[in-house]
Each structure stands twice: as structure tokens, then as C-alpha cells.
Amino acid sequence: MNNRKVYRMIHWIHGMLLFTLLITGAILYLPLLRTLFFDFRWEIRQYHSMLGIFYFLFVFTATPYVIQYMRMHAWKKTFHICLHITLALGWTASGVYLWVNDSTYLGIRQLSITIHDGLSLFIIPWVIAHVGLWYARKKGLFRSGIQTSPSRGHTVRNWDRAILLTRRDVIIFFTGGLLSLILGGLFRWVQPVSKTFLASIETVKKRGYFRIYSVRSENPVFDPNSWKLDVGGLVEKPMEFSFDELMRLPKHQYTYDFYCVTGWSVTGVKWEGIPFLEIVKMVNPKSEGKYVTMYSADRLYWETYELSQLMNRNVILAYKLDGKDLIASQGAPLRLFHPGMYGYKSIKWVNRIEFTDQRDLGYWEEKEGYDLNGYIT
Ligand SMILES: Nc1nc2c(c(=O)[nH]1)N[C@H]1C(S)=C(S)[C@@H](COP(=O)(O)O)O[C@H]1N2
Ligand SMILES: [Mo]
């Protein structure tokens, strides 16, 4: 096989791998797609990770050819190749950490997911432009325009040159890659760089953001006039609260981080709500009522707890987040927040609470074998 063929093959395999990774990545990232495919999300995640590793090995193996190719092609190509190598390294480094999914260093995990998302968002406009130009050229829209020409000073004999990786190559790769990231971002992804936009990037970088996970695509509608919280089961005094009645109960506010078991987190969230123990005091559970099941108005999700796990002032039925009323997608009007447990225990749209004498599995515990207590380790 001559080198020209090898280059073309590398280009195609790279493109296909990248494309598949972007598609599977989008399924894991976009709320709508995630809901659509939620039964397969761990499989997709696993497939995405394996493919990612393969992608890295591929880029790594192809590097000598890429360097050889770069040596005889114009800067325009060098620019794109450096960009891709840098992206591949960034994706792999952050992706491996997410794949391991270790929660020992949540800060590193948070940084990894930010990098992983950021680099991916970066490449989307590039891919669109790349494929668009290829298609337009194929259709002959640029007949008079761009033509690839061999760069100055190199002759065809160079095709057969030995494959060598010099220090100069490595330097070109990294400085080139970084420059490409900056320039590429500026040229290929013209963003309205307003102060508010930059500020929002800053806070997202620092804090993370809520990714809105829901097993159902429509949010339950909250009507303050008809909405009720129903508390019953093994209690002395079953009760029903309207939203106004709830708002008259003692409230509690504090700041704490939120962690989803799939990897993302939001730091320093201001929570406000009613300590669960206030409700417990009012309904007075019977001695057999040692467990609690909470149900969601989405009529799909539920979660279970030991009553003793909920008897801390910081376990709240939250109605405000960062000083604002919960929005529909985040569980309006009421969601649980337990500071010691992963996000899946933070059931949204809570509208029914039942005290029981035995404990069932919750939604994800049943579907995916998540840990019953979901303690953040
Ligand atoms: N009713 C309901 N509550 C839910 C979920 C859900 O799908 N339905 N997802 C859980 C998971 S896995 C997480 S990480 C958090 C996400 O909260 P957010 O959607 O506000 O970001 O909600 C939890 N509560
Ligand atoms: Mo989650």
C-alpha cells in the first residue's frame, strides 16, 4: 500500500471514530436524547468509553504517519492535525478518569467532565464546516477555488522517508495544538463574546451546572391551587398539605454540593426547604414505620430511605435552589435534598410520602442495581 492510501485510510477511520464518539457522546449529554435512550445509558457509556480508548490507540499508532504527512503539507493541514491531536489527548485524559468513575477525587472528576464537554463542543462547528466543505467541493461549488498543492521545498521522494519523531515534532504538536485550539475556536466558532456570556462560562467552570436528569420527557405540571403533598402509611396522623400550608412550616437554608453518580456535580448550591423532620413530627410515625418511600408526580420515579437517615435538619424537602423557586425541570414545586447521598436520591416532583415497615428498592436500584443508600463515598 502506498503512503497516500494509508493517509486516506487514516483520515477516514479517524473521521468515522470521531463521528461515532460524537453521536454516543451526544446521547449521554443531551437531556432529550438521554431520556429517549435511558434504558441503555450504561451500555452506551461503556461503548463510548471502549471506542474512546480505541480512538486514542488509533491516533497514537497513526502519529508517525501523521508527522510524515505534516512534513510535506501546507500549514493549513498542520493546523488541523495539531488541533486534533490536542483534542484527542484532552479527551483521553479526561475520559479515562470519567471511565474509571472514581469518586475519591470529586474535584478532578468535575474538572474532567468540564474538559470533556468543552472539547466536544469545540469540535462540533469544526465537523460541520469540514463535512460541509467536503460536500460542497464534491458538488463542485468551489470549482475555481481551493486546490491542494504540495508545499514548498518538498519532493515526492519524501513520501518514503523514514518515520522519525524528533523533539521538534513534539514541540510543533503541542504549541501547534494549543494555538489551534485558540485560533480554531475564534475562527470556527464565532460566539457573541459578551461579558455575561464569559461570566456564565466562568461560573459553569467553577461550579458545574445541573444537567437535568429525568426518566420522563415531560415535566409534571405544578398548579398551586390543586397541588398536594400526601403523607401517609404507618403514621398516627396521615396528612395532606397544600403548597401554602407547606410554606408556613419552618424552613431551613444552607449551602452544599450536589453530586450525580454518573460524574457531574454542582458545587456550592444554595438549598432552601422544609426539614423532613418537621413533617415527621406532625404525622408521628408508628413504631413499625421505620422506612420511607417517596413518590414523584411523574408517576414513574420513586425512592426509599430508612427513616433514621432522614432525621437530620439538613435533609430537606427543597423548594428553592440558589435563591430561586424550583423550575419545572428541576422538580417544581418540591424535591428532596440529602447532602450525604448521590443525586438519584434527590427525588424531584415529590407529591406522596409513605411510611412503611419494610424497605423496597428505588427506581435506579431496581433498574440498574444502584446502591440502595447512595452514600457519596
Ligand atoms: N422524579 C425524578 N427525580 C429524579 C430523577 C428522575 O429521573 N426523576 N433523576 C435523579 C437523578 S439521577 C439526578 S442526578 C438528579 C438530577 O437533578 P436535576 O435534574 O435537577 O439536575 O435528580 C434525581 N431525581
Ligand atoms: Mo444522577
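In each ligand, atom 1 is the first atom listed, and ligand 1 is the first ligand listed.
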Under 4.0 angstrom from ligand 1, any heavy atom of Lys345?
no
Backbone N/O of Arg211 and side chain of Tyr29: donor-acceptor pair under 3.5 Å:
no
For ligand 1, which part of Arg211 has a heavy atom less than 4.0 Å away: the side chain, the backbone, both, or neither?
backbone
If you measure from each non-hydrogen atom of Ser296 to ligand 1, which part falls under 4.0 Å: side chain, backbone, both or neither?
side chain
Using a heavy-atom cut-off of under 4.0 Å, does the side chain or the backbone of Tyr344 touch ligand 1, or both, or neither?
both
For Asp257 and Thr267, work out which heavy atoms get closest and say how close.
OD1-CA, 3.4 Å
If we ignore angles and hydrogens, is there a donor and acceptor under 3.5 Å between the side chains of His252 and Trp271?
no
Numbered in order shown, the ligand 1 atoms found under 4.0 Å of a heavy atom of Ser214 are 6 (C), 7 (O)
Nearest atoms (heavy-atom pairs only) where Gly362 meets Leu372:
N-CD1, 4.5 Å
Counting only heavy atoms closer than 4.0 Å, does ligand 1 sit against the backbone of Trp264, its side chain, both, or neither?
side chain
Got the closest protein heavy atom to atom 9 (N) of ligand 1, with its distance?
Tyr213 O, 3.4 Å
Between the main-chain N or O of Thr304 and the side-chain N or O of Arg359, is there a donor-acceptor pair closer than 3.5 Å?
yes
At a non-hydrogen distance cut-off of under 4.0 Å, which region of Tyr342 contacts ligand 1 (side chain, backbone, both, or neither)?
neither
What is the minimum heavy-atom distance between Leu18 and Val127, and which atoms define it?
CD2-CG2, 4.4 Å
Going by the order shown, which atoms of ligand 1 are within less than 4.0 Å of some heavy atom of Ile347?
3 (N), 24 (N)
On a heavy-atom basis, the closest approach of Gly52 and Leu21 is N-CD2, 3.7 Å
Considering only protein heavy atoms, which is closest to atom 24 (N) of ligand 1, and at what distance to one decimal place?
Ser346 O, 2.9 Å
For atom 7 (O) of ligand 1, what is the closest protein heavy atom, and at what distance to 0.1 Å?
Val215 N, 2.9 Å
Between Asp223 and Ser226, is any side-chain donor less than 3.5 angstrom from a side-chain acceptor?
yes
Applying a heavy-atom cut-off of 4.0 Å, say which part of Tyr363 lies close to ligand 1: side chain, backbone, both or neither.
neither
Smallest separation among heavy atoms of Gln309 and His338, with atom names:
O-NE2, 3.0 Å
What protein heavy atom sits nearest atom 10 (C) of ligand 1, and how far off is it?
Tyr301 OH, 3.5 Å
With heavy atoms only and a cut-off of under 4.0 Å, state how Asp298 meets ligand 1: side chain, backbone, both or neither.
side chain
Would you say Ile212 and ligand 1 have an N/O pair spaced under 3.5 Å apart?
yes
What protein heavy atom sits nearest atom 17 (O) of ligand 1, and how far away is it?
Arg335 NH2, 2.9 Å
For Lys348, is there an ion pair with Glu303 - N to carboxylate O distance below 4.0 angstrom?
no
Minimum-distance protein heavy atom relative to atom 3 (N) of ligand 1:
Lys348 N, 3.0 Å
Counting from 1 in the order shown, the ligand 1 atoms closer than 4.0 Å to a non-hydrogen atom of Cys260 are 14 (S)
Taking every non-hydrogen atom, the tightest pair across Ile353 and Val350:
CG1-CG1, 4.0 Å
